[in-house]
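What you see below is based on every heavy atom in this structure, not just the backbone, and it leaves out hydrogens, waters and symmetry mates. Naming: A, B, ... by sequence-line order, numbering from 1 per chain.
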Amino acid sequence: MQNLLHNLNEEQLAAVTLPAQSALILAGAGSGKTRVLTTRIAWLVQTGQVSPSGILAVTFTNKAAKEMLTRLSAMLPINTRGMWIGTFHGLCNRLLRTHHRDAALPQTFQILDSQDQLSAIKRLLKANNVDDEKFPPKEIMYFINGAKDQGLRADKIDPYNADERKKVELYQLYDDQCQREGVVDFAELLLRTYELLVRNQPLREHYQQRFQHILVDEFQDTNDLQYKWLKLLAGHGTQRGGVVFAVGDDDQSIYAFRGANVGNMSAFEREFNVKNLIKLEQNYRSHGHILDAANILIANNSKRLGKNLRTDAGHGEQVRVYEANSDLSEASWIIEETKNLIHDGASRSEIAVLYRSNAQSRVIEHALFSAGIPYHVYGGLRYFQRAEVKHAIAYLQLMDNPHNDSAFLRVVNFPTRGIGARSLETLQAAAEQYRISLYAAVPYVTGKAGTSLSGFVKLIEGVRFETQQMALPELVRIVLEQSTLLTHYATEKEGADRIENLEQMVSAATQFLSEEGYGQGSPAHLGAQSQAQSGDAIINQDGIEILDADAPLSTVMSPLSAFLSHASLEAGDNQAAASQEAVQMMTVHSAKGLEFNNVFITGLEEGLFPHESSSREHDGVEEERRLMYVAITRARERLYLSFAQTRMLHGQTRYNMKSRFFEELPEESLKWLTPKVQPGWFAAKKSAWDEAPLVGSDKALAQQISSKALAASTGWRLGQSVAHAKFGEGVIVNIEGSGNNARAQINFGSAGMKVLDLSIAKLEKI
DNA sequence: AGAAAAGCGATTTTT
DNA sequence: TCGCTTTTCT
């Protein structure tokens with residue numbers, strides 16, 4: 001135990017050894033948050049305060065859950081079994097599989113990812129003749145998920161106008177459709193579990209009693225439903241129930257747009273009567289100037305719990321700031337600096353280029369590519385989201401749950417087998433008439449359409465029969481062959497990659513079996529053996545003895561079902577493959593939780609970062625500032641900030657002012673690599689126009705020439721930075737007219753867009 | 001059924 | 001501008 005606690009600083013030690021009361025740990029960036037979380041668990045177990053099965057640790061990502069488990073098993077030689085460590089969704093999946101009857105779900109219910117959900121909604125709109133111009137599927141999806149994230153069912157929503165009434169109606173229809181098909185979306189996993197526990201007293205009390213310590217990671221990212229879920233499980237307001245140990249950082253709350261509610265932190269403090277608020281402010285990551293920049297920037301936010309990071313590392317280097325003429329020259333500057341870093345011995349994988357939005361990556365990628373510097377762009381399609389993989393998964397889904405109409409429609413005619421729109425219309429009509437799934441409706445279709453449809457059903461049934469005794473990887477192999485997916489892609493010109501991805505599924509299945517503790521040989525279809533291996537028996541409301549969801553997944557799910565949930569809940573690598581020796585490129589959002597020796601934050605311009613749409617959102621700019629805070633605190637040793645006067649965005653040249661964040665950073669921690677005050681146009685001309693290669697279309701060329709002409713006639717140019725007594729600093733975005741009639745449209749950033757008469761307004765070039 | 005053309009939308013993302 | 005989706009054409 002001494003081993004466990006030694007090396008912890010005072011704050012960390014205090015947090016780890018708190019008494020069994022609800023606690024809120026404000027964990028700053030790089031303050032050893034995961035360490036505290038895992039050591040807390042180990043300490044609780046090792047001091048005998050709780051048995052492993054009394055622990056519930058919840059995270060948002062699989063990566064975080066995996067990391068916790070790894071670190072924990074290094075600390076506790078035994079005993080990680082019985083603990084529940086996982087994502088909200090993973091844990092709910094487990095609970096719902098175990099108690100599927102009480103939750104009114106088939107045991108083989110399947111999980112829709114966002115793609116699937118959207119197509120399910122499109123299908124629903126079509127079936128109900130809803131005008132998808134007036135009710136775009138995306139909007140309906142947003143509406144439904146938003147409601148579920150707040151814990152609201154359709155019948156609990158009071159529509160405030162006719163349009164919303166329609167949306168509520170569609171929400172209900174969507175839920176009905178999912179129920180019919182035996183599928184659940186991500187939000188439903190949580191809501192269904194929540195409702196199950198609300199409704200079912202014995203079950204609720206069982207788990208409340210069981211989980212004596214509930215630990216939550218990234219608490220600032222919880223949405224309303226997740227908070228309610230935690231309250232329920234912790235028996236908030238009742239006698240029984242566990243203790244919640246919440247770890248989070250309000251300054252790193254950057255997911256409001258997907259329902260996260262930072263307010264949950266103060267709500268938790270209040271409602272759980274938190275006496276133990278501990279701040280972890282000792283930072284082990286960044287040098288002083290970087291930390292100063294972060295601290296001073298974030299101090300501009302008004303709604304904070306309050307926290308200031310400190311380091312023993314010394315000031316280190318100043319933050320380098322570069323003002324580029326254009327996005328192109330920003331990129332070439334990044335290349336130069338990157339080359340220097342590499343030349344000085346930096347590892348490429350310790351160089352990160354961050355940007356606010358994905359569209360910015362292209363120019364930088366291009367520049368890196370031309371310079372022959374290996375790079376890796378985060379984001380993009382994950383393995384299980386690729387079209388060909390989803391097709392194969394759909395076949396597997398149909399074998400496990402033939403009523404999944406989404407899966408049916410995805411592959412019934414892929415590869416093509418002569419089942420066209422006409423046949424499907426007939427089938428859909430039959431399914432509607434008897435209120436059954438498409439698969440079940442096949443026998444009701446007669447004629448030619450009926451023949452080809454039942455051919456498809458025979459294919460599925462045949463494979464199911466053939467693979468009855470087979471292990472999962474073999475089954476996958478058979479499906480790939482019998483579905484003719486492999487032969488189909490073999491005939492396509494660019495099918496080689498797809499075939500490779502499909503082949504990879506066999507090894508994915510093998511790997512899955514070993515990771516989840518399924519025997520390699522156990523038949524994929526094996527029905528779940530119903531025997532609890534540990535945990536108490538629970539008697540449900542009907543007086544029937546049921547399992548505790550503690551049993552290995554294999555007692556509750558066949559390998560096939562488990563593999564399918566895995567495919568939905570862990571869409572696969574894209575970030576995990578932090579490739580070996582390449583410069584890392586990603587959005588600021590995806591950089592959260594990562595750290596690098598050298599970090600570039602690019603595109604620091606008004607409208608881009610902070611993003612223009614953030615000014616329209618509640619506390620939008622504060623969230624952007626938190627985003628900037630996250631970005632800055634990714635850097636260990638060296639941080640670069642850059643912005644460009646001119647940027648091509650969505651096919652148009654934009655002239656942006658430098659980000660307001662520069663005014664909020666400490667002057668003494670910054671080192672301007674470019675003169676801070678730009679010389680006027682005539683001096684700037686040389687670098688601005690002559691340096692940038694005149695590539696691109698004639699139109700762009702013409703635009704440059706005409707803006708030169710305008711500059712000559714008015715003495716002003718597009719993109720010129722100006723100062724105005726009343727509006728402050730701005731950038732000329734457009735010039736109309738000439739001579740005494742010339743007027744300029746000027747973007748004054750936070751003061752707005754103005755059109756000023758150039759012969760009247762007193763403007764100063766800066 | 002599949003290719004070509006036209007249209008549209010464009011922060012941020014995990015499960 | 002560009003990439004993805006939908007529509008239209010062969």
Quick one: [X] [atom1] to [N] [atom2], roughly how many Å, whole number?
{"X": "A:Arg417", "N": "B:dA1", "atom1": "CZ", "atom2": "C1'", "result": "15 Å"}
{"X": "A:Phe186", "N": "B:dT14", "atom1": "CZ", "atom2": "P", "result": "11 Å"}
{"X": "A:Leu627", "N": "B:dT13", "atom1": "CG", "atom2": "P", "result": "10 Å"}
{"X": "A:Gln360", "N": "B:dT12", "atom1": "CD", "atom2": "C1'", "result": "11 Å"}
{"X": "A:Glu139", "N": "B:dG9", "atom1": "CD", "atom2": "P", "result": "12 Å"}
{"X": "A:Asn656", "N": "B:dT11", "atom1": "CG", "atom2": "P", "result": "14 Å"}
{"X": "A:Phe88", "N": "B:dT15", "atom1": "CZ", "atom2": "P", "result": "13 Å"}
{"X": "A:Lys63", "N": "B:dT14", "atom1": "NZ", "atom2": "C1'", "result": "12 Å"}

Q | Stepwise salt bridge (charged side-chain N to carboxylate O under 4.0 Å, His left out) test for A:Asp175 and A:Lys148 | A | CA-CA 11 Å; A:Asp175 267 0; A:Lys148 288 190 181 185; 3.1 Å; yes

Q. Less than 5.5 Å between centroids and less than 30° between ring planes, does A:Phe257 satisfy that with B:dT13?
A.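 A:Phe257 ring does not meet the centre or angle cut-off for B:dT13; no stack.
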
**Q.** A:His611-B:dT11 aromatic stacking (under 5.5 Å, under 30°)
**A.**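 By the stated criterion, A:His611 and B:dT11 stack.
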
Q.
What's the separation between atom CG in A:Leu230 and atom CZ in A:Phe88, rounded to the nearest 0.5 Å?
A.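 Those atoms lie 4.5 Å apart.
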
Q: State the CZ-CG distance between A:Phe109 and A:Leu96, to the nearest 0.5 angstrom.
A: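 Result: 5.0 Å between the selected atoms.
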
Q. Hey, which of A:Arg304, A:Arg626, A:Arg625, A:Lys592 is the one that makes salt bridge (Lys or Arg N to Asp or Glu O under 4.0 Å) with A:Asp251?
A.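 The residue from A:Arg304, A:Arg626, A:Arg625, A:Lys592 that satisfies salt bridge (Lys or Arg N to Asp or Glu O under 4.0 Å) with A:Asp251 turns out to be A:Arg304.
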
Which nucleotide in the set [options] lies at the smallest distance from any side-chain heavy atom of [X]?
{"X": "A:Ser614", "options": "B:dT13, B:dT11, B:dT15", "result": "B:dT11"}
{"X": "A:Thr587", "options": "B:dT15, B:dT11, B:dT13", "result": "B:dT13"}
{"X": "A:Arg362", "options": "B:dT13, B:dT11, C:dG3", "result": "C:dG3"}
{"X": "A:His589", "options": "B:dT12, C:dT6, B:dT15", "result": "B:dT12"}

Classify the nucleic acid contact of [X] as base, sugar-phosphate or nothing, counting any heavy atom under 4.0 Å across all strands shown.
{"X": "A:Glu617", "result": "base"}
{"X": "A:Thr87", "result": "sugar-phosphate"}
{"X": "A:Gln117", "result": "nothing"}

Taking only the [atom1] atom of each, what is the distance from [N] to [M] in whole angstrom?
{"N": "C:dT5", "M": "B:dT12", "atom1": "C1'", "result": "22 Å"}
{"N": "B:dT14", "M": "C:dG3", "atom1": "C1'", "result": "23 Å"}
{"N": "B:dT13", "M": "C:dC4", "atom1": "P", "result": "15 Å"}

Q. If you find the nucleotide of DNA chain B closest to A:Ser114 and the one closest to A:Gly420, which residue's nucleotide is nearer the 5' end?
A.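 Taking each residue's closest nucleotide, the earlier one in sequence belongs to A:Gly420.
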
**Q.** Position toward the 5' end of DNA chain B (nearest nucleotide), A:His650 or A:Arg258
**A.**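 The answer here is A:His650.
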
Q) Can a donor-acceptor pair be found between the side chains of A:Glu218 and A:Gln220 at a distance below 3.5 Å? A)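 Their side chains do contain a donor-acceptor pair, which is all the 3.5 Å distance test asks for.
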
Q.
Check for me whether the distance between the ring centres of A:Phe643 and A:Phe609 falls short of 6.0 Å.
A.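 Not close enough - the centres of the two rings lie 6.0 Å or further apart.
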
With a 4.0 Å cutoff (strictly under), does any side-chain N or O of [X] reach OP1 or OP2 of [N]?
{"X": "A:Asn413", "N": "B:dA1", "result": "yes"}
{"X": "A:Ser590", "N": "B:dT13", "result": "yes"}
{"X": "A:Lys138", "N": "C:dT5", "result": "no"}
{"X": "A:Asn358", "N": "C:dG3", "result": "no"}
{"X": "A:Asn62", "N": "B:dT15", "result": "yes"}

Q.
Side chains of A:Tyr395 and A:Leu459, heavy atoms from C-beta outward: is any pair under 4.5 Å?
A.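 Heavy-atom side-chain distance check passes, below 4.5 Å.
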
Q | Chi class for B:dT11: syn within 90° of 0, otherwise anti | A |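 B:dT11: syn glycosidic orientation.
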
Q. For DNA chain B, which consecutive runs of 3 or more Watson-Crick or G-U pairs (each distance under 3.5 Å) count as stems?
A.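 So far as stems of 3 or more pairs are concerned, DNA chain B shows B:1-10 with C:1-10.
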
Q) Got a sec, which pairs hit salt bridge (Lys or Arg N to Asp or Glu O under 4.0 Å) with one end in residues 114-124 of chain A, sequence neighbours left out? A)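 Residue pairs with at least one partner in residues 114-124 of chain A: A:Asp116-A:Lys390, A:Arg123-A:Glu181.
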
Q | N/O donor-acceptor pair, side chain A:Ser568 with base B:dT15, under 3.5 angstrom | A |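 No, no donor-acceptor pair under 3.5 Å.
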
Q: Kindly write out the residues that satisfy side chain to side chain donor-acceptor pair (under 3.5 Å) with A:Thr426, not counting sequence neighbours, or none if the list is empty.
A: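 For A:Thr426, no residue satisfies side chain to side chain donor-acceptor pair (under 3.5 Å) once neighbours in sequence are set aside.
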
